[in-house]
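Have a look at the structure below, then the notes.
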Amino acid sequence: MWCGPGLTSNFLRVGARGISGAPVDILLKAVGDTPIMKTKKWAVERTRTIQGLIDFIKKFLKLVASEQLFIYVNQSFAPSPDQEVGTLYECFGSDGKLVLHYCKSQAWG
Amino acid sequence: MTDDKDVLRDVWFGRIPTCFTLYQDEITEREAEPYYLLLPRVSYLTLVTDKVKKHFQKVMRQEDISEIWFEHEGTPLKWHYPIGLLFDLLASSSALPWNITVHFKGFPEKDLLHCPSKDTIEAHFMSCVKEADALKHKSQVINEMQKKDHKQLWMGLHNDRFDQFWAINRKLMEYPAEESGFRYIPFRIYQTTTERPFIQKLFRPVATDGQLHTLGDLLKEVCPSAIAPEDGERKNQVMIHGIEPMLETPLQWLSEHLSYPDNFLHISIIPQPTD
């Protein structure tokens, strides 16, 4: 489950693991000719994984399951699919949000 | 210092004697003998077990073989964690050899990532190196390197070539002359007793007063329960590469000398062995 777009004073904390701290703000940016998300800002549970995020973006963009999607932090590294969004936010977030670039092909190796 | 360089070699050449046994429910055409191997602590399971795979596939039919995966006492082993970390976390208090069960069916999707090829391992490894440098140098050092330097790091690990690896890796261990260390220390702290996969946070190697932060300082800040004494006795071991560094060790030194090839300090918090 995903919280709605924009700012996050009221949000639903839903997920298999239940309550696990305040969600973090993510800003999704498309790379190259990858389709752009109509809603770019999301409040995401800290324990959500990168794989979970990839599955969500693919559904939202109506990509086929077999199509690949890569997510990058700092436009430099692709975190492991089991990496938690909360940890990435703690280490690489700035101005209260974590910026993630997504791409259908490998952008930064 | 010669002593410090020795540490780099000791870390690189650490090995774990391992016994691989085929899972009893796998279908074989004849009996599968166990396979013994010394595993490099600093490498990854799927990178160093081609011989293991070949050995067991010799007694199986092609149609009974799917993606290989490994398990220790019921716990699926994450290939994307360094071997030494897996051992320290799950088996360091057991008798040697490390007993690993080999499976060719029933891949546990919920617990393990797929590893379709060596390229997958390389991509994962390089991503970790890049993440570490983002913390240490705002990615400046890794980005200044050429593609062939990145390749050399991987080939050094892949071929167990210490000199080849460190010719490049030493640049990732440098820091500006006016500083006392890296910007932040790349570390991950693992415990089997918690839900979270690991703890990773921003932590500087130097305090505002210029004092070097120690391993103890790090733990006190991000994982205080790990070293809190219970009734005067510490109930946990803090382990890196199979040893317990003194808590007074400067974190910067640990990062430069006891990091894994991915440039992260992978630290295990395990219960004191009861023997």
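Keep in mind that the numbers below use all heavy atoms, side chains included, and drop hydrogens, waters and symmetry copies. Predicted, not measured: the structure shown is a model, and the values here were computed from it. All chains are named by letter (A, B, ...) in the order of the sequence lines, taking the proteins before the strands, and each is independently numbered beginning at 1.
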TODO: Give, as side chain, backbone, both or neither, the part of B:Leu202 having an atom under 4.5 angstrom from any heavy atom of chain A.
DONE: both
TODO: Quick one: do B:Gln200 and A:Glu84 satisfy side chain to side chain contact (heavy atoms under 4.5 Å, CB included)? Show the steps, please.
DONE: CA-CA 10 Å; B:Gln200 178 182 337; A:Glu84 288 187 348; over 6 Å; no
Task: Residues, nucleotides or ligands: over 12 heavy atoms within 6.0 Å of B:Glu73 CD - done: no
Task: A:Gln83 versus chain B, the contacting section by heavy-atom distance below 4.5 Å - done: side chain
Open item on the list: Rounded at 0.5 Å granularity, tell me how far CD in B:Glu131 sits from OG in A:Ser76.
Closed with: 8.5 Å
Open item on the list: Rounded at 0.5 Å granularity, tell me how far NZ in B:Lys110 sits from CG in A:Asp82.
Closed with: 15.0 Å
Open item on the list: Distance check, rounded to the nearest 0.5 Å: A:Phe77 atom CZ versus B:Ile142 atom CD1?
Closed with: 12.0 Å
Open item on the list: If you count every heavy atom of other residues, nucleotides or ligands that lies below 6.0 Å from B:Gln211 atom CD, does the total exceed 12?
Closed with: no
Task: Leading residue by heavy atom contact count with chain A [cutoff under 4.5 Å; candidates B:Lys138, B:His80, B:His124] - done: B:His80
- [ ] Supply the atom-to-atom distance B:Asp133 CG to A:Asn74 CG, rounded to the nearest 0.5 angstrom.
- [x] 11.0 Å
Open item on the list: Rounded at 0.5 Å granularity, tell me how far CZ in B:Arg196 sits from OG1 in A:Thr87.
Closed with: 5.5 Å
- [ ] Can you establish whether the number of heavy atoms outside B:Lys171 located under 6.0 Å from its atom NZ is more than 12?
- [x] yes
TODO: Flag the one option from B:Phe203, B:Phe198, B:Tyr184 with the top tally of heavy-atom pairs under 4.5 Å to chain A.
DONE: B:Phe198
Open item on the list: Can you tell me if B:Asn159 has over 12 outside heavy atoms packed within less than 6.0 Å of its CG?
Closed with: yes
Task: Student check: side-chain heavy atoms of A:Pro81 and B:Leu113 closer than 4.5 Å - done: yes
Open item on the list: Quick check on B:Lys53: does its NZ atom have over 12 non-hydrogen neighbours (other residues, nucleotides or ligands) under 6.0 Å away?
Closed with: no
Open item on the list: So, taking the atom named OG in B:Ser127 and the one named CH2 in A:Trp108, what distance separates them when rounded to the nearest 0.5 Å?
Closed with: 12.5 Å
